[in-house]
Amino acid sequence: MTGRSEGTEGTDVVVSTRGLAKSFGDVHACARIDLTVNRGEIVGVLGPSGSGKSTLLRHFNGLTRPDAGEVRVLGVDVATARGRRLLALRRRVGVVFQQFNLVGRLTVLENVLTGALGRVRGPRYGIVTWPRSLRQEALEHLDRVGLADRAYQRTASLSGGQQQRVAIARALMQRPELVLADEPVASLDPESAASVMDLLVRVCREDGLTVVCTLHQVELALRWTRRVVGLRDGTVVLDAPTSALDTSRLRGLYGTVPESVHA
Ligand SMILES: Nc1ncnc2c1ncn2[C@@H]1O[C@H](COP(=O)(O)OP(=O)(O)OP(=O)(O)O)[C@@H](O)[C@H]1O
């Protein structure tokens with residue numbers, strides 16, 4: 001058994017929560033959430049602002065710890081994992097953020113290479129200090145996201161949509177099994193948002209990766225996810241295959257009367 005497959009043999013479950021609860025003062029950001037995500041699923045998490053989407057996602061790589069309940073990701077008990085065990089899990093989980101979280105003054109290629117920091121010893125200063133094989137791999141990921149010709153450009157000079165593509169290439173460079181995307185297109189114009197969602201879902205499908213993606217736009221969820229989990233006040237009020245949903249049903253999530261639907 002390798003480190004990569006630790007605890008995941010014989011199971012297709014990638015994320016599992018049981019009774020996950022997390023409060024901030026009087027706010028129940030997650031209120032006893034039971035959720036299972038299987039390998040290869042592309043799940044959209046929707047809900048009004050403050051419904052707990054980001055908090056839920058942050059439990060999946062140990063950025064937030066639950067007050068109560070279980071969180072298992074890729075076979076690791078994230079609620080209790082610390083130190084090297086947590087670091088090892090985080091290397092298997094790629095993250096794409098709304099604000100890209102790239103280093104603007106570095107080249108595009110260097111930003112992608114940072115996705116492989118878990119595979120090298122010590123810090124790297126400059127492209128030539130990275131092993132040639134990793135540079136080649138990073139260039140291949142840039143090619144996949146359509147930015148091979150920008151490899152040596154300063155990252156800050158790219159558009160928002162291009163920077164999110166770089167962030168996706170960096171996540172792929174981690175060779176992840178699970179990709180967490182927290183509002184990945186919320187900062188982009190509608191055209192860039194559609195093209196980044198298309199790219200994210202396409203490359204993850206090609207690689208058989210599991211994706212959990214928080215979204216605000218109902219239309220994006222309908223078009224690119226296979227399953228929608230709807231949150232309201234920290235509770236799952238909808239969990240259904242996207243094919244069983246339509247715009248009005250999803251908009252119900254944002255209405256005043258909670259709609260409880262479990263397909
Ligand atoms: N670190 C924190 N400290 C205090 N309160 C927090 C913290 N993180 C989240 N919260 C609160 O928990 C609730 C859920 O927040 P969360 O960010 O998970 O919601 P969200 O659905 O992702 O919202 P948005 O769509 O606006 O990003 C909110 O009321 C938020 O203010």
Side-chain angles (χ1 to χ4, degrees), residues 15-37 41-71 73 78-79 82 86 90 93-101 160 163-164 167 171 178-190 192-194 196-197 200 210-225 227-240 242 245 247 249-262:
V15 174
S16 159
T17 75
R18 290 290 168 267
L20 188 164
K22 179 74 180 179
S23 297
F24 299 101
D26 293 341
V27 176
H28 300 299
C30 296
R32 295 190 301 281
I33 291 182
D34 295 340
L35 182 70
T36 302
V37 178
E41 278 197 291
I42 310 274
V43 181
V45 180
L46 268 75
S49 187
S51 57
K53 304 182 292 296
S54 297
T55 304
L56 177 63
L57 215 66
R58 288 166 62 84
H59 280 89
F60 299 164
N61 62 352
L63 283 175
T64 298
R65 307 263 180 192
D67 298 331
E70 281 178 28
V71 188
V73 175
V78 192
R82 298 272 188 284
L86 185 58
R90 285 185 178 153
V93 180
V95 185
V96 178
F97 302 92
Q98 177 179 348
Q99 296 302 336
F100 324 133
N101 288 24
Q163 290 197 41
Q164 197 58 299
L178 168 66
V179 173
L180 303 177
D182 197 2
E183 302 282 0
V185 297
S187 306
L188 306 179
D189 63 77
S192 301
V196 166
M197 277 306 293
L200 177 68
T210 309
V211 180
V212 182
C213 177
T214 70
L215 287 167
H216 266 298
Q217 301 95 322
V218 162
E219 293 75 15
L220 295 181
L222 283 173
R223 184 154 172 205
W224 274 288
T225 69
R227 173 182 168 196
V228 172
V229 171
L231 293 185
R232 176 180 284 213
D233 297 330
T235 305
V236 175
V237 293
L238 170 83
D239 186 351
T242 308
L245 298 168
T247 308
R249 194 130 171 234
L250 281 179
R251 288 210 191 285
L253 268 176
Y254 299 84
T256 49
V257 183
E259 180 192 23
S260 231
V261 183
H262 292 268

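Just so you know, ligand 1 is whichever comes first in the structure, and atom 1 is the first atom listed for that ligand. One is the number of the first residue; the rest follow in order along the sequence.
Around atom CZ of Arg65, more than 12 heavy atoms belonging to other residues, nucleotides or ligands sit under 6.0 Å away.
At the top of the distance list for atom 9 (C) of ligand 1, counting protein heavy atoms only, stands Phe24 CE1, 3.4 Å. For atom 25 (O) of ligand 1, the closest non-hydrogen atom on the protein side is Lys53 NZ, 2.8 Å. If you check which protein heavy atom lies closest to atom 18 (O) of ligand 1, you get Thr55 OG1, 2.5 Å. Considering only non-hydrogen protein atoms, atom 26 (O) of ligand 1 sits nearest to Ser49 OG, 2.5 Å. In terms of protein heavy atoms, atom 19 (O) of ligand 1 is closest to Gly52 N, 3.3 Å.
In terms of heavy-atom proximity, Leu222 sits nearest to Leu245 at CD2-O, 3.9 Å. Pairing each heavy atom of Ala31 with each of Thr235, the nearest pair is CB-OG1, 4.0 Å.
Annotation: the span from Asp239 atom CG to Leu35 atom CG amounts to 6.5 Å, rounded to 0.5 Å.
Residues in residues 20-34 take part in these salt bridge (charged side-chain N to carboxylate O under 4.0 Å, His left out) pairs, two or more places apart or across chains: Lys22-Asp67.
Using a 3.5 Å distance cut-off with no hydrogens or angles, the side chains of Thr64 and His59 do not pair a donor with an acceptor. For the residue pair Gln99/Ser187, the side-chain donor-acceptor check at 3.5 Å is satisfied.
For atom 20 (P) of ligand 1, the nearest non-hydrogen atom from the set Ala186, Gly25, Gly50 comes from Gly50. Of the listed residues (Ser54, Gly234, Cys30), the one carrying the non-hydrogen atom nearest atom 27 (O) of ligand 1 is Ser54.
For atom 4 (C) of ligand 1, the protein comes within 4.0 Å by at least one heavy atom. Distance check for atom 15 (O) of ligand 1: a protein heavy atom is found below 4.0 Å.
By the 4.0 Å heavy-atom criterion, Gly47 is excluded from the residues contacting ligand 1. Using a 4.0 angstrom heavy-atom cutoff, His216 counts as in contact with ligand 1.
Remark: ligand 1 atoms within the under-4.0 Å shell around heavy atoms of Ala29 are 12 (O), 13 (C), 14 (C). Counting the atoms of ligand 1 from 1 in the order shown, those under 4.0 Å from a heavy atom of Pro48 are 21 (O).
Between Leu200 and Trp224, the closest side-chain pair of non-hydrogen atoms is not below 4.5 Å. Between Ile33 and Leu231 there is a side-chain heavy-atom pair separated by less than 4.5 Å.
With a 4.0 Å cut-off on non-hydrogen atoms, Val27 touches ligand 1 through its side chain and not its backbone.
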